[in-house]
Chemist: 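Structure incoming, see below.
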Protein chains: 2
Amino acid sequence: MKAPRQSDVARLAGVSQSAVSRVVSGDVDRIPVETRERILAAVKELGYVPNAAARNLRNKRNRLLGVHTFEAVFPHAREDFYFEFLLGIEERAEQLGYDLVLFTSTGTSDGRRRIYRDGTNRLNLADGTVLLGAATDREELARLWHDGYLFVHIGRREVPGAEIPCIVPDYIDGTDRLVASLADRGHRYFAYLRQGIEQEAYFDRRAGYRAAVERLGLHDRSPGFRGEPGLSEEWLDELATGPETAVVAESISLAEELRTGLAARGRQVPEDLSVAVLEGSGERWDCLAIPRKEIGRIAIDALVARVEDPEAAPVSRLVACDLVAGETVAAPRAKE
Amino acid sequence: MKAPRQSDVARLAGVSQSAVSRVVSGDVDRIPVETRERILAAVKELGYVPNAAARNLRNKRNRLLGVHTFEAVFPHAREDFYFEFLLGIEERAEQLGYDLVLFTSTGTSDGRRRIYRDGTNRLNLADGTVLLGAATDREELARLWHDGYLFVHIGRREVPGAEIPCIVPDYIDGTDRLVASLADRGHRYFAYLRQGIEQEAYFDRRAGYRAAVERLGLHDRSPGFRGEPGLSEEWLDELATGPETAVVAESISLAEELRTGLAARGRQVPEDLSVAVLEGSGERWDCLAIPRKEIGRIAIDALVARVEDPEAAPVSRLVACDLVAGETVAAPRAKE
DNA sequence: TTGAAAGCGCTACCAA
DNA sequence: TTGGTAGCGCTTTCAA
């Protein structure tokens, strides 16, 4: 019942162990057909299967890619956060013939998952790892990078002193195009609703917004544009009566708050005010769609490229976002 | 940039490699604190992390559990088929400090995943593997079992000549209890709607149904009870007018067909006829709920028990199903 | 064409 | 308490 080794196969076939190794690992060029068939027969008879651990040790390769999420995958998969990424990751890994390791072992009691635990990490089980998720501990990323691990991060993460390879939605360009499409429909007076989150992904949206406003000579006198988060009653009053005809919101919840506030003031979306959202939406908002599945695929490609060519330089990639038409944008209406 | 090994640490700390090994693998009893701290300092300075492949080769253990599904996980996760199982698997693996390998590499062009590919399999990457999914190739299971792999199968699978350890919902008992609960409410005349699927899980439901009918002295003259699948127009006519007051259906789709057919005959569920379903349901059917998450957890426990004690005998486990009350069962009404 | 042998990095046994 | 050393099963070089 013990697993047979190459030496067992070799003995049975009456050849040397190295011959067996050559045959089973497909380096078959210089082995006569007849010998090969004897070996293959012995392999079959004994039910020989190569020992993965030994191969890994020898080859420094695994055909194993890691997926590290900073919290449990499946509870969130349902909420679609990880889900689409994983879809792309799994699909591409399957196409390329890699297996996937889910790093689940380092969960802490608070539900977060760390990379290092007791100064050690298991990422080297895999040939390379995709990191994804919110609120990464930047120290860990920096250390990982310094330790020379092969990884890519989904979502932009800037860490001083390290150059993290990231696959990121191009929020700058996406936001810029979204604003441009509003301008195309005739909007000139804009307002921006900002969240209280200070993170790379939001910096990008703000940069894209500002760029479009300046380039297209649009007007924005909103607190959000000047850096103030949230939506005040005063601004709702302003929006209800002021010159603004289009609002760009960082989140669906802000957009919803806006719609409610406007309704209370007798204003409708999109008849009185057009609203677009800078994140994906299952509902009918006009919005920016993050191509999550594609990002997952690209992350695997980026990783595999480096696994298979260790000389290859780490690269970050921007992935274009789609503009999704909904029912919350219309042409501007002149206010009385 | 090359990963440091124990020998590097040893040199820096001025001790032998075996001392380093002892310290980093926690076998620390007989090492003076002072030495240990020197070693730990060297570990930290070099950023040493143990090589998983080497450990694995040496220890024959990985703290890695495999998950093999017979098709892609994520597309189906959404439909809730794999999802709840995986939730339990992930949760328990995390608690026990194991990582998970998703075997994605053996996808074939038709979307199915095999275990063996070119006579080889990668399951030995993991200490043990949970197999789950529909339509397993029984040959592969038999071979796996013969080759002495450590695995458990979610869902019952009988293979001649092999004794597959399975974690299965207890359909026999669950169906029996469901029928008993109908009988408790006063139902005596039953009908059974059978699918055209011949699989262990359905055999069990049928066995449980038969057992309850016989034990409780109930009546059933339905074709389904006698072995005929589907739901004919004739039977709908019979059910609309006959003595039956309760119907047990193997699937939601059969139950829906029934409801539609009865409605066409002026009969309502549950006023005229109570209906219970032998699978889970997001809707309002009275049904049997498969405790998927718990099964996932138990599968991991069963696997880990054997990983950690190779002497332990493989066991199959039955997991009790819950009866879920819906809106499709009522007390029987005397037919006019 | 074939085989002997040197490691891959680690653990654990045994001797000092 | 410490360290030398023998492998774990495999790949690959080098020599026959």
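Naming: A, B, ... by sequence-line order, numbering from 1 per chain. Every heavy atom of this structure was used, including side-chain atoms; hydrogens, water molecules and symmetry mates were not.
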Chemist: Which pairs, protein N/O on one side and nucleotides 13-16 of chain D N/O on the other, fall under 3.5 Å?
Modeler:
{"residue": "D:dT13", "atom": "O4", "partner": "A:Arg22", "partner atom": "NH2", "Å": "3.0"}

Chemist: Does B:Gln6 place a side-chain N or O at less than 4.0 Å from the phosphate oxygens OP1/OP2 of C:dT11?
Modeler: yes
Chemist: Check each of A:Leu131, A:Asn121, A:Thr129 against A:Phe103 using the side chain to side chain contact (heavy atoms under 4.5 Å, CB included) test, and report the only one that passes.
Modeler: A:Thr129
Chemist: Check DNA chain C against residues 56-65 of chain A and give the residues with a non-hydrogen atom under 4.0 Å, in numerical order.
Modeler: A:Leu57, A:Arg58, A:Lys60
Chemist: Given atom CD of B:Glu34 and atom P of D:dT1, what is their separation to the nearest angstrom?
Modeler: 13 Å
Chemist: Got a salt bridge between A:Arg61 and A:Glu308, using NZ or NE/NH1/NH2 to carboxylate O under 4.0 Å?
Modeler: no
Chemist: Is any side-chain N or O of B:Arg55 closer than 4.0 Å to OP1 or OP2 of C:dC10?
Modeler: no
Chemist: Please state whether the phosphate of D:dT2, meaning OP1 or OP2, lies under 4.0 angstrom from any side-chain nitrogen or oxygen of B:Thr35.
Modeler: yes
Chemist: Please determine, for the side chain of A:Tyr48, which listed nucleotide (C:dC10, D:dG3, D:dC10) has the closest atom?
Modeler: D:dC10
Chemist: Which is it for A:Phe151 and A:His153 under the ring pair (Phe, Tyr, Trp, His ring centres under 6.0 Å) test, yes or no, and what are the steps along the way?
Modeler: CA-CA 7 Å; A:Phe151 70 94; A:His153 191 281; 7.8 Å; no
Chemist: Near DNA chain C, under 4.0 Å by heavy atom, which residues of residues 38-47 of chain A?
Modeler: none
Chemist: Quick check on side chain to side chain contact (heavy atoms under 4.5 Å, CB included): which of A:Glu90, A:Arg292, A:Arg92 does A:Arg297 satisfy it with?
Modeler: A:Arg92
Chemist: Would you find more than 12 non-hydrogen atoms of other residues, nucleotides or ligands less than 6.0 Å from B:Glu139 atom CD?
Modeler: no
